[in-house]
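One structure is given below, encoded as structure tokens.
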Amino acid sequence: MATTACFIIVSRNDIPIYEAEVGSTVKREDAAHLHQFILHAAQDIVQDLAWTTSAMFLKAIDRFNDLVVKLFLNLVSIHTRLMLLHDSRNDDGIKSFFQEVHELYIKTLLNPLYLPGSRITSSHFDTKVRALARKYL
Amino acid sequence: MANFLAQFQTIKSSSDHIVISVEDVSGLWPTVKKGFEERLPFKRACLNNKTRNSVFVENLPAEFILTTDARLRSRFPHEQYLFWFREPYATIILVTCEDLDEFKTILKPRLKLIVQNDEREWFIVFVSRAHPSNDQATKMAKKVYSKLEVDFSSRKRERCCKLDIHSPEANFWEDLDFKIVESIRNTLDRRVQFYEDELRKLSEQRFMPVWNFCNFFILKESLAFIFEMAQLHEDALREYDELELCYSETVNVPGKQRDFGGLERGDEQAALLNSGNKPLNEIVQDDSFREFEFRQYLFACQSKLLFKLNRPYEVASRGYSFIISFSKSLTSYESILPFCMREVWVVTASLALIGATSSHYKEGLVALDVEKEFHRLEGDLYSLCRLKFMRLAYMVGYGTYLERSPVNSASLSMLPWPKPAVWPSIPPDASSEVLAKEKMILQASPRPKHFGIQRKQLPLEPSILLREANRRRASLSAGNMLEIFDGRPIDGVVSPSNKPHTAAMVRTNSIPGNFESSIDRPMRLAEIYVAAEHALRNTISNPDLLKSLSSLEEFEQKYLELTKGAADNYHRSWWKRHGVVLDGEIAAVSFGHGNFDLAAKSYEKVCALYAGEGWHDLLAEVLPNLAECQKILNDEAGYLSSCVRLLSLDKGLFLNKERQAFQSEVVRLAHSEMKQPVPLDVSSLITFSGNMGPPVKLCDGDPGTLSVNIWSGFPDDITLDSLHLTLTATFNTDEGVKALKSSTPIVLNPGKNTITLALPPQKPGSYVLGVLTGQIGKLKFRSHSFSKGGPAESDDFMSYEKPVRPILKVFNPRPLVDLTAAISSALLINEPQWIGIIVRPIDYSLKGAVLHIDTGPGLKIEESHAIEMESHTDVMDKTTMENRSLGKKNNCHSLKIEDGQVEFPDWASETNSVMWIPVRAVSDQLPRGSSSVDSHKRNIVDGMRTIALKLEFGMSHNQIFDRTMAVHFTDPFHVSTRVADKRNDGTLLLQVTLHSQVNAMLTVNDAWIDLQGGFVHTGKGDGRPTSGFFPLAIASTTRAGILFSIRIGKVSGDEANRLDADTILNIKYRISGHRTRGAHPPVKVDSTKSDDTEQDLTFRSALVFQRPVLDPCLAVGFLPLPSSGLRVGQLVTMKWRIERLKNFKDEVLYEVNANNVNWMIAGRKRGHISLSPEQGSRVVISILCIPLVAGYVQPPQLGLPDIKEANISCNPAGPHLVCVLPAALSSSFCVPA
């Protein structure tokens, strides 16, 4: 499991709609800030990349010292981004993680009470994502 | 071969263009030199590149050198292959000859000798000096030239050309250019081929032990240089790329330990753009080169070519990755390199690269995305440089002046400390510097966070510097760590309480004598700073960089320059997030310098970015700074809105105490002396929504109350001085919306509050909540947001798009209540009667309703009696009615009437009810009976009375229902009389018919007539019918008759007064009706009387009797007119005969009345006639008249003014009209001519 990993879902309006620190290390108080900052800055890169590729899974769009930002573009609901900041080497695991979370996200979207683009507050979703993180990362 | 390196480099630097040798056989060069050199450089020279494709070189520089020149003569043959690039690419042989024999004997052998060396590309230029006028000489020259062509040109290749000095042929120079370029091309191809072959050979041996990289390098670079000389930069670049690849493959062969380099003074200044920084022979090591210098050298060569190719973008892009990878290499050699070598190198390298690329870069020359990418790279370089510079600054003790922002923290805290083999130790004579640093540390208290935010500061260091530095000192073991922290709190975060204590302790420790022994004790922070500074002074040779680190001001200036550069470039690359974040850093510096205006502007940009994209964690870092700026700038509106934004951030981001501080700021400002009310949008903080469930439904015109849920995001209770809430009609938006007001102060608790607002009457339609406005002190706040009904945090942006649920529905006007009369049949006039009014609420509560009763003229309410009210169903129920008729009172409620107002009881608010009002219709008129003679029928309108009802009901009696009701009152009977029989003795049998007028049973108990004068009852009695007839029951709408016998009596003197009075019929009766049906027994005003002693009612009706008219004194008769009829203009005598019937008067006054228009009257129109008093005496009055008008006209009338008409008997009566014929034709008028 990756020691540090921050998973985030960004809506097409660049608004983070879900955040989770899924690393195995004891959470530093300031880590969330830094991770958010890195992921936010990576939006600049995403905005350039998103239009140039048709792949859903983009490896390592940004590196920050040891941390790598990976991106999973969700084409179903236009340009919702699943982004992972991590220091893991397990690329396949990350890909599976993204796929499963993507599926989860689609399920959430299908919920008639969920307003697309709003914050995902479902605790069920959160639990599942964390379980997936433990499994794959 | 490596020995040639020095020579190679000098040659390379001296020769940078192609050489063309000139073999001046006939001493012509001085003559033609000028013309030849004018052709330089060659335009559009067609050369072949490495892949043998022809390429046009726009400008090919070259030089003509005579073969006799020392530069060409002095070369050793063995050098030729090695430095072949400097050998001539073409040989031009200049000859002239004017004699064929001379050519054959002397010139030809000599030329043959020259051209026998096949490796050279040569051609002959025959110069003809013959003047055009000199035919002989010209011919000769032609001959010699043709001979020359035969001898030296072949079919394959034309090797001769002729230059006529006096009149050069038009295409000679083009021909010459072509020939030269052709030669160059051939030579180039041959040499490239040669080098490639050599290189291939060498490459094959690459993994053999004898292989020498230097040899390979010289060959490869020679090849590259050849291309470069030929202006084929692309090919040259490719050669360098291959060289780099080869080097990187060979340099790190395991098992071969080589020096890395970079240990010399000045090495820390990056030479990645300066290929001539160090001579190559100095960096040779064994069979290769030192990595540190050589990789920079290669990059410098590449960048030079790229600049020549005008691709600064590529330099930047390659440079950035080069710096990154080179920095990694430096990391691996960090232990042997000088302290912080890597950081310094990256700083200088980035700066050099930025300087070079930006000076070569011209805007607008490349595609937009390349331009963006270029700026992005520049931004990256700047921020890389900035990062390393910050690290250096931190090491020398400027750390406290660095903003602990996310961007700095994210970059610095994950960047490891430099790892020198041994951490630099403090120089012996640095005690004063240590003291100065101590002072600086103490003075630089960390900037207090605004609002007393006690968030842990973001780190700028990967681990604590104190620990890291001491750990890396050889003499210190890790066990001493406790000792380290004992003296000094960690990392400059000084808590105020133990400040003096530490300071004192430091001073005792910093006495100069202690420094020798300081090896054994851990270094303090100030000492680390000083040591690092000294070490850096040794490392850094660049005076600029040294200066930038020398003082705080210089550091800040450099820091600002780098940050601005990065921000600017990121902005131009459209990487707004990177750019804006760095703007925030600039703002922090501006803030530190007291330039709050600039700081606020930049902070606003950052906040807008984070807020716009909803990254609250990051926003929470910057927003307090912005707020502080605005506070200092006295920008109240901005400061307030910042406070509100701070409050509306996720609750978890700030402690409750901090949030309370924000709120108290808002409240303090709101109640402070603000010049004018400040508008403020609190949409994110105060949200509101209607109640769940169906909207409030109101009838038109009704006020109501609206309860609204307001979520307050304030951490504490907050008092709103006033609150306005607008309702927006969904049907019509442009109608001015009226705000619901609540001017009493409202205290909002944190979280959900339910506020009830009074709702004035609204127009029909459905309404949604509009805007919430209100005031806190002088602060006018405004909120647009509607929460979904969930907690306030879930304010997602989509909620604006949601169709808003109507909160209020006001229905179109409709009848809400109906008032109708309970009965339609008539009531008794002049008696107290119940008027029933059915009150029928139509799905609307009449709670508290008030009925105003206003009776019309002729009707008054019996105020002494209470109004009764009962349920309508009870009234309709038969059994109840029967009970009622039995005198039992059920469910009947008495109501008081005051000032014509009746208040409704509560039970009647929802059900239909009947209200009984006791009234009395007053009529002074005595009812008159009708007779066969005087068929006077009473008008129905006479019995009509109106009662105006006004019902005020609804929440605040706002609903008004008006109705004017007509109530019909009538007498119980209508009386008609008829003389049934008339006897000669004057006795009359009078039949009185009673018509029942009411819808009730009437019982007549007694009836009698008070006769008028002139009539008397027959017999002695009072004329009452036999009492046995009574009681006489008369059902409704039936008739009954009573006969009275009367006779005409004498009119005595007294009775003469009564002559004009009417005869009155008196009837005593009882009525047994019910109020629900119509007329009924009168309301008992005095309720003390028992029901049994029911009084008879009296009905009085006037009967009109007329005494018989049997008293004529005179009879007037109109005597017949002549039978011939009347004619206009013909005299006629009108005659009236008056006969005395009674002895009455002696003289009779007569008067003839005639219309003057119709009649001309002759005789006395008025006069007395004397008539003998005897009965039967007659007199005839005749009057002569002439009718004037033809037609039916009224004849003159005879009137007797003194005598009452009743005393005149006209028998027969005079005609009303007589026929007057037109005048007969008269011949006298028709005189013939």
Side-chain angles (χ1 to χ4, degrees), chain A residues 3-4 6 8-21 25 27-52 61-69 77 81 83 85-87 109 113-122, chain B residues 324 369 372-373 376 379-380 383 387 404-416 455-460 462 570 573-582 584 609-622 650 652-653 788 790-791 793-799 801-802:
Chain A
T3 49
T4 311
C6 178
I8 202 161
I9 300 180
V10 181
S11 77
R12 66 190 157 131
N13 303 29
D14 297 333
I15 296 172
I17 55 174
Y18 175 77
E19 299 157 36
E21 289 285 338
T25 41
K27 199 176 159 188
R28 269 168 74 182
E29 196 183 336
D30 43 32
H33 258 90
L34 301 185
H35 295 165
Q36 276 226 353
F37 172 75
I38 294 165
L39 285 167
H40 179 251
Q43 299 292 324
D44 272 335
I45 304 161
V46 173
Q47 84 187 4
D48 289 350
L49 272 180
W51 301 103
T52 59
I61 56 161
D62 194 13
R63 282 178 187 280
F64 212 91
N65 296 323
D66 290 336
L67 300 178
V68 184
V69 179
S77 82
R81 276 102 58 178
M83 298 177 76
L85 176 77
H86 66 96
D87 55 0
L109 272 185
L113 297 179
Y114 172 73
L115 205 61
S118 65
R119 212 168 254 272
I120 301 175
T121 47
S122 157
Chain B
I324 297 290
D369 46 345
K372 271 168 65 183
E373 192 65 16
R376 207 256 307 153
D380 280 349
S383 54
L387 174 64
R404 291 175 177 267
S405 59
V407 57
N408 289 347
S409 174
S411 11
L412 282 174
S413 72
M414 288 181 214
L415 188 70
R455 178 172 309 194
K456 195 185 165 200
Q457 288 198 322
L458 294 176
L460 287 182
Y570 278 134
S573 76
W574 301 11
W575 272 26
K576 59 171 181 183
R577 294 177 189 86
H578 283 75
V580 167
V581 161
L582 289 168
L609 174 78
Y610 287 147
E613 300 188 346
W615 296 69
H616 282 185
D617 292 32
L618 302 176
L619 186 59
E621 279 292 318
V622 194
D650 283 350
L653 289 175
K788 290 182 297 183
E793 296 95 282
S794 63
D795 52 343
D796 51 272
F797 67 100
M798 288 273 212
S799 64
E801 297 164 19
K802 275 197 342 176

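In this text, all values refer to a predicted model and were calculated from it rather than measured experimentally. Naming convention: chains lettered A, B, ... in sequence-line order (proteins, then strands); numbering from 1 in each chain.
Atom CZ of residue B:R577 and atom NE2 of residue A:H40 lie 5.0 Å apart, to the nearest 0.5 angstrom. From A:L39, atom CG reaches atom CG of B:L618 across 9.5 Å, with rounding to the nearest 0.5 Å.
For the residue pair A:P16 and B:E613, the shortest heavy atom distance occurs at CD-O, 3.1 Å. Closest of all the heavy-atom pairs between A:I38 and B:A410 is CG1-CB, 4.3 Å.
The side-chain heavy atoms of A:D44 and B:R376, taken from C-beta on, include no pair separated by under 4.5 Å. At a threshold of 4.5 Å between non-hydrogen side-chain atoms, the residues B:W615 and A:V10 count as touching. Within the 4.5 Å cutoff, no side-chain heavy atoms of A:F37 are placed close to those of B:E621.
No part of B:Y570 comes within reach of chain A, as not one of its non-hydrogen atoms sits under 4.5 angstrom from that chain.
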